[in-house]
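Read the structure below first, then the notes.
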Amino acid sequence: MSDLDYELEPNDGKQTTFDIKGLFFKILNYWPLIVLSVLIGLGIAYYINVRKQNIYRLESLISVENEQSPFFTTNTSKSFNWGGVSGKVGKVVTELNTRTHNELVVDSLEFYKQYLREGEYNLIDIYSNSPFEIRLNKDHPQLLGKSIELRPIDDDTFELYIDFGEAKQVVCQIYDSRKVTSITLFESTLSQKYRYGQKIELSFFNGIIERNKNINFIEDSKYYFKFLNFDAVVNQYKDAVRATPKSRDASSILRMQMIGNNKARIVDFLNATVEILAKTELERKNLYATNTIKFIDSSLAEVDAVLKAGTNEMSDFRKRNKVFDVTEELTLVSDDLKELDKLRELERSKLQYLNSLEQYLITQKDYTNIVAPTSVGITEANIIASVQNITVLAIERQNLEYTTQPGNVLFDDLDRKIDAEKNVLLETITATKQTINYQLNQVNNRIAKLESELRNLPEDQQEFLKIQRKLDISIETYNVYQSKLSEAKIIKAANVSDITFIDRAKDIGGGKIGPNTSLNYIMATLLGFGLPIILIFILYLLDNNIHNSGEVEKLSRIPILGLIGVFKHANNLVVYEKPKSTIAESFRAIRSSLQFIYKQQESSDEKGRTLMVTSSISGEGKTFCSINISTVYALSGKKTILLGLDLRKPKIFGDFNLNNEKGIVNYLIGEESLENTITNTHIKNLDLISSGPIPPNPSELLMSDKLKEAIEILRKEYDFIVLDTPPLGLVADALELSNYADATIYMIRFDYTKKGMLQLVNAKYRNGEVKNISFVLNFYKYKARYGYGYGYGYGYGYGYGSYGNAYHQNDKQTVWTKTKNLFKRK
């Protein structure tokens with residue numbers, strides 16, 4: 001292996017490093033596209049920004065505490081105030097997002113009504129700033145989802161206008177029942193005048209439109225109102241409010257935040273949601289006291305009836321009998337009986353309550369309506385605590401039903417707790433009933449003993465004392481119930497909601513958080529730059545074409561002989577017809593470089609030199625190069641012949657205005673002598689042998705001895721023989737012809753030749769199948785500022801005069817770097 005072969009280790013045409021510089025130049029080549037993309041992105045951002053409505057965020061502060069009434073005693077606190085349970089803040093946060101709660105808020109604010117004004121780019125929500133107000137009849141259907149235009153005429157009248165188009169039916173909703181229904185239309189448009197305050201009764205709208213005199217209509221603006229589906233509005237606001245603890249140290253203080261496009265809507269919704277939360281919480285908190293009041297009221301009605309009957313009976317007795325006095329001893333006995341009767345009545349009330357409570361616990365599932373035990377005088381701590389615990393758990397379960405799907409394990413856990421507490425309470429009731437029954441027996445025995453002492457009295461006195469006892473008991477019972485009722489009412493009145501305002505929501509002029517127009521412009525700029533660059537990068541990765549000489553150097557160690565620029569001309573005779581052009585200079589530079597190669601092959605004979613021109617595929621400028629390099633040699637006084645050996649796609653004859661009826665094929669098949677196939681061209685010193693008729697077996701003809709003989713004959717007659725051959729990458733013909741070539745030019749066309757095509761020539765060069773081969777780069781485009789560079793310029797500056805000294809075994813530089821450095825030294 002020679003020194004040259006040792007140094008030129010091919011890389012099989014594969015790009016071993018990522019060409020960042022090439023990518024950079026690729027991007028610069030597309031700068032108009034990038035600028036256009038940025039401008040389009042900025043235009044889109046502007047279009048979006050001017051149409052976006054402002055976004056606001058407002059907030060309020062509330063406190064969620066365990067409020068205690070100052071009127072509570074030890075017993076009443078335990079009986080009525082069940083609000084002090086853990087997790088109250090979590091329950092409030094959860095309830096904010098429940099459908100039930102938001103239905104109450106939306107219904108109270110009537111957010112299913114929209115007041116709209118036509119803006120420059122879209123319809124503007126003018127809630128709280130509308131010059132008119134609608135009072136709906138919620139029992140009648142109201143049109144859903146379609147805007148009704150209100151056209152003001154004067155201060156007293158207006159016109160309603162709506163165009164239904166081709167619709168025959170419209171969807172409406174009755175807001176009282178939330179029922180959605182369809183209404184058949186009899187007219188496609190509505191255009192009707194009304195007076196403000198006049199009742200409007202249409203099939204799809206029923207209500208009254210009032211004039212808001214504090215706000216004037218804006219001239220040349222259109223006004224609309226629209227009704228929305230109630231359930232859809234509720235669903236929209238379900239997650240609208242975000243509640244978070246203000247700080248770790250104040251976990252019971254919640255910051256309520258809401259985002260929207262209309263600040264008045266945000267303020268009203270935040271304040272209404274807190275007010276309804278507080279009201280609902282207070283109602284639940286007062287549930288125990290409310291149940292007790294209802295029970296006492298019903299008991300008072302019964303006692304009142306007994307009291308009236310006793311009073312009437314005493315009045316009748318006094319009318320029938322004269323007033324008499326009883327002895328002091330009998331009076332004392334009567335007083336003792338009264339006390340015992342009151343005690344007996346109290347124990348009976350307790351027993352009746354316990355029987356009712358026991359039956360209620362056994363037969364009912366909802367335990368939120370249990371009456372306070374203290375309302376009938378039960379002070380048993382275990383019963384009071386159990387009733388309280390069951391009520392708290394039952395209300396907790398009821399709250400859970402608003403926020404949790406049925407079948408959740410949380411329900412099972414609560415039900416187990418309720419059942420366990422209920423079983424304890426039932427056992428306690430049984431034991432307490434036994435105690436009360438024992439006490440009742442004792443009281444009854446004492447009453448019977450005292451009554452026996454009164455049997456010796458006259459009958460009228462006995463009857464008097466009996467009536468008096470009944471009346472006194474009724475009065476006493478009535479007074480006790482009145483006292484209990486007053487106590488329950490005081491407790492209920494003293495109860496306050498655990499949810500209170502610290503800072504109500506209010507529009508103080510700020511709160512704007514969007515749209516972020518600057519961010520939109522930044523994003524548009526970044527995308528405007530980024531998307532084209534990404535696209536260019538993808539195209540660059542997918543692009544397998546050779547674009548510059550630097551890529552050729554990386555893909556192959558075969559030296560570059562020269563560069564041929566882009567030059568538009570009517571034919572391929574550029575050197576002959578434009579001898580002063582840069583293309584002509586490029587070919588002269590290639591001729592000079594070829595001289596260096598030929599000098600390395602000097603021999604004693606004076607035979608003509610051969611030059612083979614080939615390429616990977618057709619279209620890379622092989623014929624163009626063959627014609628012009630032949631012309632350059634001919635114009636320099638060298639006797640030159642151009643031999644067309646591309647038998648499959650012959651081309652060279654057309655540029656010389658010759659036909660292809662006779663050529664080398666005729667010689668190879670024995671039809672003509674070699675002399676008869678030679679044609680003189682109009683270019684001095686340049687002859688031509690075209691390929692001739694296309695044969696069926698071109699490879700066999702080119703491998704024949706006749707061609708070898710022809711080359712030997714031509715070597716004796718001509719100084720230079722240029723062989724225009726088939727593409728090396730497509731057929732094997734060129735490889736056979738390389739045996740006749742003293743030098744080989746392999747054409748590469750920028751932006752056309754594939755990188756992978758160099759693998760074949762690299763492999764053949766490495767294996768020694770082709771020798772003295774050099775690349776000529778065609779279709780070079782000079783870039784004034786950032787072109788391909790690398791020191792090239794239309795074929796100048798190669799310095800191949802010292803070609804042989806450019807390669808040394810221990811020199812690790814690339815071929816081109818070595819050659820360039822040698823040129824600089826010269």
Side-chain angles (χ1 to χ4, degrees), residues 75-82 284-307 309 341-398 414-415 417-444 470 473-474 476-489 491-492:
N75 286 338
T76 57
S77 176
K78 294 176 86 173
S79 301
F80 296 109
N81 185 32
W82 53 268
R284 291 175 187 165
K285 188 173 183 180
N286 285 334
L287 181 61
Y288 202 25
T290 302
N291 293 336
T292 302
I293 291 171
K294 288 180 181 178
F295 172 77
I296 295 175
D297 279 336
S298 63
S299 299
L300 269 175
E302 295 177 3
V303 173
D304 186 57
V306 173
L307 181 60
D341 283 337
K342 287 194 294 182
L343 182 58
R344 182 172 62 180
E345 189 64 30
L346 178 60
E347 296 302 320
R348 283 177 178 174
S349 298
K350 292 179 181 179
L351 191 61
Q352 183 181 1
Y353 173 84
L354 292 175
N355 287 330
S356 300
L357 178 59
E358 185 178 36
Q359 187 66 21
Y360 183 85
L361 292 173
I362 294 172
T363 59
Q364 301 296 321
K365 297 296 183 182
D366 180 12
Y367 305 121
T368 59
N369 295 321
I370 298 178
V371 178
T374 54
S375 63
V376 293
I378 294 177
T379 57
E380 175 65 35
N382 291 336
I383 293 179
I384 293 174
S386 293
V387 168
Q388 177 189 3
N389 292 338
I390 289 177
T391 305
V392 169
L393 290 171
I395 294 174
E396 187 176 347
R397 192 186 194 285
Q398 190 179 68
L414 281 173
D415 288 340
K417 292 180 180 179
I418 292 172
D419 289 339
E421 198 69 49
K422 184 175 71 172
N423 292 332
V424 172
L425 180 56
L426 288 172
E427 292 178 2
T428 306
I429 289 172
T430 301
T432 305
K433 283 168 62 178
Q434 292 175 354
T435 302
I436 292 174
N437 283 324
Y438 175 78
Q439 290 175 352
L440 272 175
N441 289 333
Q442 294 294 322
V443 171
N444 287 332
K470 287 172 60 178
I473 290 171
S474 298
E476 186 67 26
T477 304
Y478 185 84
N479 290 336
V480 169
Y481 276 124
Q482 280 286 11
S483 175
K484 295 289 184 181
L485 180 63
S486 298
E487 182 183 1
K489 287 184 176 180
I491 292 170
K492 183 178 179 180

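In what follows, every heavy atom counts, from backbone to side chain, and hydrogens, waters and symmetry copies are set aside.
Taking 4.5 Å as the limit, some side-chain heavy atom of Leu361 sits within range of a side-chain heavy atom of Ile370.
A distance of 11.0 Å separates CG of Leu343 from CZ of Arg348, quoted to the nearest 0.5 Å. Atom CD of Gln439 is separated from atom CG of Asn444 by 12.0 Å, given to the nearest 0.5 angstrom. In this structure, CG in Leu425 is found 12.5 Å from CD1 in Ile418, a value given to the nearest 0.5 Å. With rounding to the nearest 0.5 angstrom, the CG atom of Leu357 is 4.0 Å from the CD1 atom of Ile429. For the atom pair OH (Tyr353) and CD1 (Ile383), the distance works out to 8.0 Å, reported to the nearest 0.5 Å. Within the model, atoms CD of Glu421 and CG of Leu426 stand 11.0 Å from one another, a figure rounded to the nearest 0.5 Å.
Applying the salt bridge (charged side-chain N to carboxylate O under 4.0 Å, His left out) test to Asp415 and every residue at least two apart in sequence or in another chain returns Arg397.
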Full working for side-chain contact (heavy atoms from CB on, under 4.5 Å) between Lys422 and Asp419: CA-CA 5 Å; Lys422 184 175 71 172; Asp419 289 339; 4.1 Å; yes

Just do the side-chain contact (heavy atoms from CB on, under 4.5 Å) check on Ile378 and Leu354 with the steps written out, would you? CA-CA 9 Å; Ile378 294 177; Leu354 292 175; 3.8 Å; yes

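A 6.0 Å sphere centred on OH of Tyr438 holds no more than 12 heavy atoms belonging to other residues, nucleotides or ligands. The environment of CD in Gln442 is crowded: more than 12 heavy-atom neighbours from other residues, nucleotides or ligands sit within 6.0 Å.
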